[in-house]
Protein chains: 2
Amino acid sequence: MRRIAESTVRRLSLYLSFLEEIEARGVPTTSSEDLARLGGTTSAQVRKDLSFFGSFGKRGLGYSVPELSARLRRILGLGRQWRVCIIGAGKIGAALARYAGFTERGFIVSAVYDSDPSKIGSRWGNVKVRDEASLERDIEAGDYQIAVLAVPADSAQNLADRVVRAGIKGILNFAPVQLTVPNDVALRAVNMAMELEALTFAITNKVD
Amino acid sequence: MRRIAESTVRRLSLYLSFLEEIEARGVPTTSSEDLARLGGTTSAQVRKDLSFFGSFGKRGLGYSVPELSARLRRILGLGRQWRVCIIGAGKIGAALARYAGFTERGFIVSAVYDSDPSKIGSRWGNVKVRDEASLERDIEAGDYQIAVLAVPADSAQNLADRVVRAGIKGILNFAPVQLTVPNDVALRAVNMAMELEALTFAITNKVD
DNA sequence: CTACCTTTGTGAACTAATTCACAAGCTCCC
DNA sequence: GGGAGCTTGTGAATTAGTTCACAAAGGTAG
C-alpha cells in the first residue's frame with residue numbers, strides 16, 4: 001500500500017469518532033460535507049482521505065454510517081482485540097490503568113508492571129501490578145502487542161529496548177524523551193511539555 | 001511574523017530539550033548535525049527551522065548551547081511564568097495535578113476545579129481543589145492563562161466555552177472530543193484513542 | 001597573511017499534502 | 001424514460017514542507 005500520511009491517519013480516527021457518535025443517534029447516512037464540518041476540515045479532504053483505501057460512498061447520496069464506520073475500524077486495525085500493558089505504576093501509570101477509554105475502544109489492559117516491591121501484587125480494579133522482571137516472559141508468551149511506557153525519562157529507553165527485544169509491536173510513550181526503536185516497531189509519543197510549549201508559542205506569537 | 005508550521009514548533013521544543021540535556025552536562029557548543037542526530041532529522045532541517053527566527057550560530061563553529069537554549073525558550077514563550085489550572089478532579093486531573101513535569105518546565109499549577117462537593121476544599125500537595133462555579137471569577141481575576149481540560153467528553157465543550165468567555169488564552173484538552181474555540185485562543189489536544197489507533201494502523205498496515 | 005577546514009544560512013529544487021473543479025453516478029419525480 | 005438535483009471520486013493545480021547544494025564566514029595552523 002502507498003504510504004499514508006500521518007495527518008490522514010489522525011483524521012480517519014477523528015471521522016470514526018464522529019461516525020460512532022451519529023451512529024449512536026441512529027442517523028443512517030452522512031456526507032463528506034458533514035464529516036468535514038465536524039472535523040474542521042473540507043469535504044474534499046475527507047473524500048481524498050477515504051479514497052486512499054477505496055470507494056465507500058454512493059454518489060448523490062453520501063455514506064452509510066454503519067458501513068463506513070465498520071470500514072474505518074477495519075482500516076485502523078480495530079477489527080481485532082489488542083492487549084496492552086502499562087509499564088510504570090507511578091502517577092501516570094495509575095491514571096492510565098484506571099482510564100476507561102482503553103476498554104471502550106477495545107483495548108484490553110490487564111496488567112501494570114513496576115519494579116517497586118511494595119506495589120507488586122496489588123490490584124487496581126481489574127488490573128494487576130506485576131513484577132517488571134517478568135515483562136519479557138509475558139510479552140514472549142504473547143500476552144501483549146502494545147506497551148504503554150509511563151516511567152521516568154531516564155529508564156524509558158532501557159525499557160523500550162527490553163520490550164522490543166521481547167517482540168512488542170507498538171509502544172505508546174509518555175516519558176518526556178525521544179525514544180529510538182527499530183522501524184518495524186510502531187511508536188507514538190505523548191509529550192506534555194511539547195504540547196504546553198506549542199500552546200505558549202501560539203499565545204506568544206499570536207498572528208490574529 | 002510568517003506563519004510557522006506546527007511541525008517546526010514541535011521540533012523546536014525537541015531541540016530545546018536536547019539543549020537542556022547537554023547544557024546540564026556542561027557541553028559549551030553544538031552543531032545542527034548534533035541536534036539532527038538526536039532529533040531524528042537532518043541538519044538542513046534544523047538550520048531551516050532556526051532560520052525562521054534569526055541567525056543564532058557561528059559558521060565553522062556551531063551554536064553556543066546556553067545562548068541557543070535561551071533563544072529557543074524565548075521563541076517558545078517560556079521567558080515568563082504561565083499559570084495553569086486543571087479542570088476536572090477525576091483520574092486524569094489527579095494525575096496531572098501531581099505531575100512534576102509542569103513545574104519543571106516553569107508552569108505553575110495551583111488549583112484543580114471540580115463540581116463535586118465531596119472533592120471541593122481538599123488539597124493534593126500544593127494544589128487546592130476549588131469549586132467549578134468560581135472558575136470564571138478566578139480566570140477573570142487573571143489567575144490563569146492556560147486551562148487543562150480533564151473532564152468527560154460531554155461536558156468538555158461547555159467548559160471550554162466558559163473558560164474562553166472568561167478570557168483564557170490557551171486550552172490543553174484531554175477529553176476525547178474535538179473542541180471548537182475562537183481562533184485567538186490556542187488549542188491543543190491529547191487524545192489517547194487517536195494515538196492508540198495510529199499505533200494499530202501502523203502495526204496492521206506495516207509496510208516493510 | 002594565506003591556505004585549509006568546518007559549519008552556518010539560504011535560495012533553488014524537489015517532494016508531499018491540500019484544495020479545486022468537474023465528470024460520473026445515483027435518486028427522485030414528473 | 002428523461003431531466004433536475006445531489007454528492008462522490010479523482011486528476012490537475014496549488015500550496016506547504018523538506019532536502020539539496022553551495023557561497024559566505026569563522027577558526028586554526030603554518
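It should be emphasised that the depicted structure is a prediction, and the values quoted were computed from it without experimental measurement. All chains are named by letter (A, B, ...) in the order of the sequence lines, taking the proteins before the strands, and each is independently numbered beginning at 1.
- In this structure, the side chain of A:S69 engages the main chain of A:V65 through a donor-acceptor pair within 3.5 Å.
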Audit row: A:K169, B:K206, side-chain contact (heavy atoms from CB on, under 4.5 Å) steps and yes/no: CA-CA 10 Å; A:K169 294 282 183 292; B:K206 208 172 298 161; 3.8 Å; yes
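- One N or O on the side chain of B:T42 and one on the backbone of B:Q45 form a donor-acceptor pair closer than 3.5 Å.
- For the pair B:T42 and D:dT19, the criterion of a side-chain N or O lying under 4.0 Å from OP1 or OP2 is met.
- The separation between B:I4 atom CD1 and D:dG17 atom P is 10 Å, rounded to whole Å.
- In this structure a side-chain-to-backbone donor-acceptor pair under 3.5 Å is missing from B:E140 to B:G167.
- Between the NZ atom of A:K48 and the P atom of D:dA12 there is a distance of 11 Å, rounded to whole Å.
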Reading 5' to 3' through nucleotides 24-30 of chain D, protein heavy-atom contacts under 4.0 Å coded B for base, S for sugar-phosphate only, - for none: BBS----
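- Using a 4.5 Å heavy-atom cutoff, the side chains of A:L19 and A:L35 are in contact.
- At D:dT7, none of the side-chain N or O atoms of A:S31 fall inside 4.0 Å of OP1 or OP2 (strictly under the cut-off).
- Of the charged side-chain nitrogens involved, none lies within less than 4.0 Å of a carboxylate oxygen, so that A:R11 and A:E6 do not count as a salt-bridged pair.
- Comparing A:R47 and B:E33 by the nucleotide of DNA chain C whose heavy atom lies nearest to each, the residue mapping closer to the 5' end is B:E33.
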Return the polar atom pairs (N/O with N/O) between nucleotides 14-16 of chain D and the protein under 3.5 Å, or none.
none

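- Without hydrogens or angle criteria, B:D143 side chain to B:R83 main chain gives no donor-acceptor distance under 3.5 Å.
- The nearest whole Å value for the distance from the CG atom in B:D49 to the C1' atom in D:dT18 is 10 Å.
- Remark: side-chain polar atoms of A:T8 are not paired, donor with acceptor, to backbone N or O of A:D49 under 3.5 angstrom.
- Ion pairing of A:R25 with A:E20 is absent here, as no side-chain N (NZ or NE/NH1/NH2) approaches a carboxylate O to less than 4.0 Å.
- For the pair A:L68 CG and D:dT7 C1', the interatomic distance rounds to 14 Å; values are reported in whole Å.
- A pairwise comparison of heavy atoms in A:S43 and A:S32 identifies CB-OG, 3.6 Å as the closest pair.
- Mapping heavy-atom proximity under 4.0 Å, the span of DNA chain C touched by chain B runs 5' to 3' from C:dT6 to C:dA12.
- In summary, the side chains of B:Y63 and B:Y15 do not present any donor paired with an acceptor at a separation below 3.5 Å, with no hydrogens or angles considered.
- Contacts of A:S43 with the nucleic acid, taken as non-hydrogen atoms under 4.0 Å apart, are absent.
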